[in-house]
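When a ligand or atom number is given, it counts from 1 through the structure's own listing order. Since the model is a prediction, treat every value here as computed from it, not as a measurement.
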Amino acid sequence: MPGDLRTPAGDLPTSRRAVVMGVLNVTPDSFSDGGRAYDPADHPGRAVAAGRALLAAGADLVDVGGESTRPGADPVDPDEEAARVVPVVAALASTGAVVSVDTRHTAVARAALDVGAAVVNDVGATAPDDGMLAAVAAADAAYVAMHMRGEPRTMQADPVYLDVVAEVEAALLAAVTGAVAAGIAPDRIAIDPGIGFGKTLPQNLALLAALPRLAAHGPPVLVGTSRKSFLGRLTGVDAPDGRLAGSLSSAVLAVRDGARIVRVHDVAETVAALRVRDAIDAVGEGPA
Ligand code: PMM
């Protein structure tokens, strides 16, 4: 349930409505938005304005990231990553917004939690950084455990699984067990199969088809398909910001199949698309 991701900054909606997480990449090189929210000469001004726009468009929370995780990306020094994200998290959290920090580095998570981040979106949760789980537990924050095979620089080289669904499922359940053992409240943990993180097109599709199975474990499932290259391949659209139709359709289908949180760039469009799904879902199979 989204309510299980309640945060010090305020409870997320407890209705059956899916939670919409808006993407705010404070990087010069993200594949999906080409660094539009990051201007070193106007930092954090441009990024904060972009975050406010996501909230105004209907995002329930904003996910601030300072390291591009696109396939082939070089790692970013955690000090540089923190310098990108911390002022943005601080400014948005100070207005009462629920802010998550998208990182695999404990130092960055800790710095963001110190200035008001309520959620750590750990894109390295299947091999967590030293001290990451303890930092989240100490802050009583929510935790998103995302599956990634390897690291961004090499993850798409040749991802091989015997059974991608079973292996991702097992890794996520192990991540939840580790998070609970470290003291993170079980009702503040979400899981994410990490679409595009060390997966081929068929593997991404297998994971999306298996969302009901992943959702049956209990922790809310977060799904991020927005603008990703598998959508480009399926729909024949090269430019990431031209992949709206694929992004919306995959978000709606993910929610239909049990995802409780969707991580998206096109917030207003996703909110509208999910409204249609919610209206149909609310009627269910009751009498006409
Ligand atoms: N995808 C990206 C970055 N962070 N976090 C989670 N939990 N799930 C995702 O699917 C995810 C993520 C990469 O996409 P971007 O470059 O558009 O941010």
Applying a strict under-4.5 Å side-chain criterion to I, L, V, M, F, W and Y, I'd like to know whether L173 and V144 cluster together.
no
Can you tell me how far the CD1 atom of I191 sits from the OH atom of Y143, to the nearest 0.5 Å?
12.5 Å
Between D63 and ligand 1, is there a nitrogen or oxygen pair with a distance under 3.5 Å?
no
Side chain to side chain contact (heavy atoms under 4.5 Å, CB included) filter on V76, not counting sequence neighbours, yields E67, E80, E81, R84
Can you name the atoms of ligand 1, numbered from 1 with element, that are less than 4.0 Å from a heavy atom of G224?
10 (O)
Which atoms of ligand 1 have any heavy atom of L222 under 4.0 Å away?
7 (N)
What atoms of ligand 1 come closer than 4.0 angstrom to any heavy atom of D102?
3 (C), 4 (N), 5 (N), 12 (C)
List every atom of ligand 1 that sits less than 4.0 Å from any heavy atom of V23, numbering the atoms from 1 in the order shown and giving each element.
18 (O)
Using side chain to side chain contact (heavy atoms under 4.5 Å, CB included) as the criterion, list what pairs up with A175, not counting sequence neighbours.
A145
Kindly confirm or rule out an N or O of T69 lying under 3.5 angstrom from an N or O of ligand 1.
no
The answer for which part of N25 has a heavy atom under 4.0 Å from ligand 1 is side chain
Atoms of ligand 1 less than 4.0 Å from V123 heavy atoms?
4 (N), 5 (N), 12 (C)
Within the 4.5 Å heavy-atom criterion, are R227 and D241 side-chain neighbours or not?
yes
For residues L234 and V164: do they belong to one hydrophobic cluster (side chain heavy atoms under 4.5 Å, members Ile, Leu, Val, Met, Phe, Trp, Tyr)?
yes
Which is it for V223 and ligand 1 at heavy atoms under 4.0 Å: side chain, backbone, both or neither?
neither
Could you see which bit of H265 sits under 4.0 Å from ligand 1, with heavy atoms only: side chain, backbone, both or neither?
side chain
Is D192 paired with R263 through a side-chain N to carboxylate O contact shorter than 4.0 Å?
no
Sub-4.0 Å heavy-atom approach of R263 to ligand 1:
yes
Quick one: does M146 get a heavy atom under 4.0 Å from ligand 1?
yes
Aromatic ring proximity, centroids under 6.0 angstrom, H147 and F197:
no
